[in-house]
Amino acid sequence: MLDPILLFFILGFVASLFKSDLKIPPEIYDLLSILLLLAIGMKGGIEIAKQSSSDLLPQVSITLLIGFLIPVLLYPILKFLGKFKREDAASIAAHYGSVSVGTFAVAIAYMESNNISYDSHMAIFVVVLEIPAIIVGILLAKGIQKDMPWAKIGHEVFLGKGILLLVGGLLIGWAAGPEGLKKIAPLFIDLFPGILALFLLEMGLITAKQLGGLKQHGLFLVLFGILTPILLGFVGVSIGLAMGLSIGGATIFGVLAASASYIAVPAAMRISVPSADPTLSLSASLGITFPFNVIVGIPLYYNFANVLS
């Protein structure tokens, strides 16, 4: 039986595919995003307070390195096998080097609904993985230029909604602790599955609209959007286990490695590499990889973790 949360995504996808007039007002979607990001951050912040910095530093360093390496490794595949122009290859590679907060939220819900324990400080890895891929993607697309608007790019990356709310949530959870958060737990913790379900309903509506970008590079993008997360998910799970994470934690680390950004990276690429076609990146990351991960990928990576452990 499919998780009801995933059925909300399928409902939105089917509704959009058949041209339904179902819509979630932008203001409601923004509110759902804010609640989701803050809830994830606060959950992680509570657990980070329990961790020793000496334990976290090696894991954060490895995660940062992975964020730099993934776009570097994917770029030549996209450039030479996919026949994408330089800017598009760099942009797609950056999307896959970064991370999907929505996929991470579904992975957390999957773990909790199946009573699978996981390392609760995983939220910090979401923040770490958002940034390096953007930098690498810009450098791959344009090289090092004197007139690069780094201040504007940095503002978009570090003060964009995704990073700001995640980091803010982490700090709030760390500072307040579980006792301090009891007052707001009914909204951010108890209602988390319902908030995620409505968020995925909207994601289903959006995902179906991205399929139009598959016309020119359709077959390659479909194969890339499915095979890449499988490979990166396997590698991510392997690295997670090697870092000492639990089976659940390694699964989520695999999910992070396998997911692709559709919020932070598109915004940064729009500023720094305006010549890149955003429909190609979003068609792959949101149209193919996101639904693959939330429906097939997460249980697949959990199986990887069980086999490899």
- Show the numbers, then the answer: is there a side-chain contact (heavy atoms from CB on, under 4.5 Å) between L241 and F253? CA-CA 9 Å; L241 290 171; F253 198 80; over 6 Å; no

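- Not one N or O on the side chain of S91 forms a donor-acceptor pair closer than 3.5 Å with the backbone of E87.
- Counting heavy atoms from C-beta outward, P71 and Y75 have side chains that stay 4.5 Å or more apart.
- Counting heavy atoms from C-beta on, the side chains of P278 and R270 never come closer than 4.5 Å.
- For R86 (side chain) and K79 (main-chain N/O), no donor-acceptor pair under 3.5 Å exists by modelled atom type.
- Judged by the 6.0 Å distance and 45° axis criteria, K43 is not positioned over the aromatic ring of F188.
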Show me the donor-acceptor pairs within less than 3.5 Å that the side chains of residues 9-23 make with the rest of the protein, sequence neighbours left out.
unit_1 : atom_1 : unit_2 : atom_2 : d
S16    : OG     : L205   : O      : 3.0
S20    : OG     : L22    : N      : 3.1

- Message: Set out, in order, the CA-CA distance, both residues' side-chain angles and the distance that settles side-chain hydrogen bond (donor to acceptor under 3.5 Å, both in side chains) for Q210 and Y262, then state yes or no.
- Response: CA-CA 11 Å; Q210 297 300 326; Y262 50 81; over 6 Å; no

- For side-chain contact (heavy atoms from CB on, under 4.5 Å), just list the numbers for I46 and L181, CA-CA rounded to whole Å, side-chain angles, deciding distance to a tenth of an Å, and then say yes or no. CA-CA 9 Å; I46 292 172; L181 292 179; 3.4 Å; yes

- Any chance you could lay out the side-chain contact (heavy atoms from CB on, under 4.5 Å) test for L196 and L36, step after step, and finish with the verdict? CA-CA 7 Å; L196 179 59; L36 197 63; 4.1 Å; yes

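- Atom CD1 of residue I189 and atom NZ of residue K182 lie 13.0 Å apart, to the nearest 0.5 angstrom.
- Taken to the nearest 0.5 Å, the CG atom of N306 stands 7.0 Å off from the OG1 atom of T251.
- Two different hydrophobic clusters hold L69 and L140 under the rule that ILVMFWY side chains link at heavy-atom gaps under 4.5 Å.
- Nearest approach of S246 to S117, heavy atoms of both residues: OG-O, 3.9 Å.
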- Message: Go through it in stages, so that I can follow the logic: the residues are M42 and W174, the test is side-chain contact (heavy atoms from CB on, under 4.5 Å), and I'd like the CA-CA distance, side-chain angles, deciding distance and then a yes or no.
- Response: CA-CA 7 Å; M42 285 188 287; W174 172 78; over 6 Å; no

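- A chain of hydrophobic side-chain contacts below 4.5 Å, direct or via other Ile, Leu, Val, Met, Phe, Trp or Tyr residues, connects I34 to Y29.
- Rounding to the nearest 0.5 Å places OG of S281 at 8.5 Å from CE of M269.
- Between P132 and L64, the closest side-chain pair of non-hydrogen atoms falls below 4.5 Å.
- Considering only heavy atoms from C-beta on, Y301 comes within 4.5 Å of P229 through its side chain.
- Aromatic rings from Y96 and F224 are positioned such that their centres are separated by under 6.0 Å.
- For the pair Y118/E112, a side-chain contact is recorded, criterion being any heavy-atom separation below 4.5 Å from C-beta on.
- For the atom pair L282 CG and T289 OG1, the distance stands at 11.5 Å (nearest 0.5 Å).
- Side-chain contact check for L74 versus I92: every heavy-atom pair is 4.5 Å or farther apart.
- If you take CG on N293 and CZ on F104, they are separated by 13.5 Å, rounding to the nearest 0.5 Å.
- The backbone N or O of G225 sits nowhere less than 3.5 Å from a side-chain atom of T228 that would complete a donor-acceptor pair.
- Proximity of L129 to S98: side-chain heavy atoms (C-beta onward) are nowhere separated by under 4.5 Å.
- The shortest non-hydrogen separation linking L221 to S283 is CD1-CB, 4.5 Å.
- L73 and F68 fall into different hydrophobic clusters, where Ile, Leu, Val, Met, Phe, Trp and Tyr side chains are chained together by heavy-atom contacts under 4.5 Å.
- When all heavy atoms are compared, the tightest approach of I24 to L201 is CD1-CD2, 3.9 Å.
- The shortest heavy-atom contact between G102 and F199 is CA-CE2, 4.0 Å.
- Using modelled atom types, one side-chain atom of D277 and one backbone atom of T279 make a donor-acceptor pair closer than 3.5 Å.
- By the 4.5 Å heavy-atom criterion applied to side chains, I28 and E202 are not counted as neighbours.
- With hydrogens and angles disregarded, a donor-acceptor distance shorter than 3.5 Å links the side chain of S272 to the backbone of A268.
- Note on I134: it does not cluster hydrophobically with L65, by side-chain heavy-atom contacts below 4.5 Å among ILVMFWY residues.
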- Task: Walk me through it: do Y302 and N114 pass the test side-chain hydrogen bond (donor to acceptor under 3.5 Å, both in side chains)?
- Result: CA-CA 11 Å; Y302 179 61; N114 288 281; over 6 Å; no

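- Considering S259, P266, S100 in turn, P266 is the only one that fulfils the side chain to side chain contact (heavy atoms under 4.5 Å, CB included) rule with H95.
- In plain terms, the two heavy atoms of I298 and T103 that are nearest each other are CD1-O, 4.1 Å.
- Closest of all the heavy-atom pairs between L81 and F220 is C-CE1, 4.0 Å.
- For the atom pair CG of L232 and CD1 of I66, the computed distance is 9.5 Å after rounding to the nearest 0.5 Å.
- Both V60 and I40 are members of a single hydrophobic cluster when ILVMFWY side chains are connected at heavy-atom separations under 4.5 Å.
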